[in-house]
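These numbers come from the heavy atoms of this one structure, side chains and all, not from hydrogens, waters or symmetry mates. Positions are given from 1 along the sequence.
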Amino acid sequence: MPTGPNPTRRRLPRGPRWAAVLAAGLVATPACTGRLDGYDPVTSQGETITDLFSLTNVLGLLVALLVAGVLGYVLLRYRARRPGEPSRVHEHRALEITWTATPAVLLAGLFVVTVLVMVDVDEDPPPAENPLLVQVVGNNWWWEFRYPELGVVTANELHVPVGRPIRFEITGDDVIHSFWVPRFGRKMDAIPGRTNVMTVTVEEPGTYQGACTEFCGLQHAWMRILVVAQTPQEFQAWVALQQAPARAPQSDVALQGRAVFLRNTCINCHAIQGTIAQGQVGPDLTHLGSRQILGAGVVPNTPENLKRFIRNAQEVKPGVLMPQFQTLSDEDLEALVAYLEGLE
């Protein structure tokens, strides 16, 4: 299994990264810590795209400086000498051909390079590299990640192994969403009834932020993605944890919480493997306690935040489809949170 960059992937000459940063600002994400930073890619495909972006910015900057310089020279050199004296204007055929042909040649060259980059980043890895299949489903307003070859289903928190190609099959369940992890270097729409494919190879372990970038309704801004890129050994350990059935309650309080969960309408929407709860409407909660975020990134996963979310999800994430549970007693709520947080 490859553990580093693909040596056969074509690369553009690396342009200065400051040009890319100068061209666009970074977008802050207040819930998931960090920034949506697309100028430091961790995939070979992202490197290629960023190099093209840097090249485009450098060429654009050079053209802008050239045009400004020529314009300044012409304004000063051929300005009117006395008030009322007309400026001197002469036909200059060579100059006219130059300023027409130069942009055309530049654009044609960029077009060719862009097509080569598109072909490169869309190229599927050979079967020998054993790409990992991850099915991505956009929902209002959360992400479901399915690993059909591994028998794993999770929500909002995407785990990937470093050095192995990942084949994302992306679709939508309700309206159009858009799957975007800036440090992957690529973005792909999640369209109901259609499957779009995106393949990347993550080359650096770490935690990366993502988001939906297609307006999809009230909570579009809080449809975040948390990517955890792990070494192959760490990823296998995570898979083994996710393949295990739900953890049995470890205390009397958690045991009471499981009973609260199973006798309420939670089971109509959510699944907990190993129990009668097999709902398919909301996120799978089998290993909720091991996740870092709640509500697709709106708050960190802590007992206090989970309590708030269960009691009145509309207060935490207005418009979310989860109903309120105002009728739960404080004792039942505490027990339910203890049970769910114990599902690691």
Side-chain angles (χ1 to χ4, degrees), residues 1-21 23-24 26 34-59 109-136 145 147 149-150 158-170 178-190 195-211 213 225-236 238-239:
M1 182 185 302
T3 58
N6 184 350
T8 64
R9 183 170 293 279
R10 297 184 294 273
R11 302 282 187 170
L12 291 173
R14 184 178 303 281
R17 291 296 174 82
W18 57 263
V21 177
L26 303 178
R35 291 179 179 271
L36 296 179
D37 184 359
Y39 307 112
D40 186 17
V42 294
T43 69
S44 54
Q45 296 85 351
E47 290 277 0
T48 304
I49 293 170
T50 302
D51 288 344
L52 173 62
F53 187 52
S54 298
L55 175 63
T56 304
N57 284 323
V58 169
L59 291 177
L110 282 177
F111 173 77
V112 172
V113 174
T114 301
V115 170
L116 291 175
V117 168
M118 292 172 62
V119 172
D120 188 27
V121 299
D122 284 334
E123 184 179 9
D124 286 331
E129 293 191 13
N130 189 27
L132 173 66
L133 174 61
V134 179
Q135 296 172 338
V136 179
F145 303 115
Y147 303 73
E149 299 166 350
L150 304 176
L158 172 65
H159 287 246
V160 297
V162 170
R164 181 179 178 184
I166 314 296
R167 177 184 170 89
F168 293 106
E169 294 184 351
I170 303 168
S178 193
F179 176 78
W180 184 48
V181 179
R183 297 192 68 182
F184 284 4
R186 303 191 65 190
K187 176 170 64 174
M188 190 69 69
D189 283 348
T195 299
N196 289 326
V197 176
M198 179 176 76
T199 303
V200 300
T201 303
V202 181
E203 297 171 353
E204 296 179 19
T207 302
Y208 311 119
Q209 309 298 333
T213 56
I225 305 162
L226 183 66
V227 178
V228 182
Q230 301 170 296
T231 65
Q233 295 78 14
E234 292 171 336
F235 178 74
Q236 287 303 321
W238 177 81
V239 169

Residue pair [X] / [Y], side-chain heavy-atom distance below 4.5 Å:
X    : Y    : value
W238 : V160 : no
R186 : V200 : yes
V42  : D40  : no

Candidate pair V134 and E169, rule side chain to side chain contact (heavy atoms under 4.5 Å, CB included), full reasoning: CA-CA 6 Å; V134 179; E169 294 184 351; over 6 Å; no
Aromatic plane relationship, F168 with F179 - under 30° parallel, 30 to 60° tilted, over 60° perpendicular: tilted
Donor-acceptor contact present, side-chain [X] to main-chain [Y], <3.5 Å:
X    : Y    : value
Q45  : T199 : yes
Q236 : Q233 : no
R183 : G46  : no
Y208 : P182 : no
R164 : P232 : no
N57  : F53  : yes

Among residues at least two apart in sequence or on other chains, which ones pass side chain to side chain donor-acceptor pair (under 3.5 Å) with [X]?
X    : value
Q135 : none
S178 : D189, T213
T195 : none

[atom1]/[X] to [atom2]/[Y] distance, rounded to the nearest 0.5 angstrom?
X    : Y    : atom1 : atom2 : value
T207 : H159 : OG1   : NE2   : 8.5 Å
T48  : D120 : OG1   : CG    : 5.0 Å
L55  : L110 : CG    : CG    : 6.0 Å
L132 : R167 : CG    : CZ    : 11.5 Å
N196 : M198 : CG    : CE    : 10.0 Å
I166 : F184 : CD1   : CZ    : 7.5 Å

What's the shortest heavy-atom distance between [X] and [Y], and which atoms?
X    : Y    : result
A211 : I225 : N-CD1, 3.8 Å
A229 : V202 : CB-CG1, 3.8 Å
I49  : G185 : CD1-O, 3.1 Å
Q230 : F235 : OE1-CA, 3.6 Å
V197 : M188 : O-CE, 3.4 Å
T231 : V162 : N-CG2, 4.5 Å

L52/T114 under side chain to side chain contact (heavy atoms under 4.5 Å, CB included): CA gap, chis, key distance, verdict: CA-CA 7 Å; L52 173 62; T114 301; 3.9 Å; yes
V227/V181 under side chain to side chain contact (heavy atoms under 4.5 Å, CB included): CA gap, chis, key distance, verdict: CA-CA 8 Å; V227 178; V181 179; 3.8 Å; yes
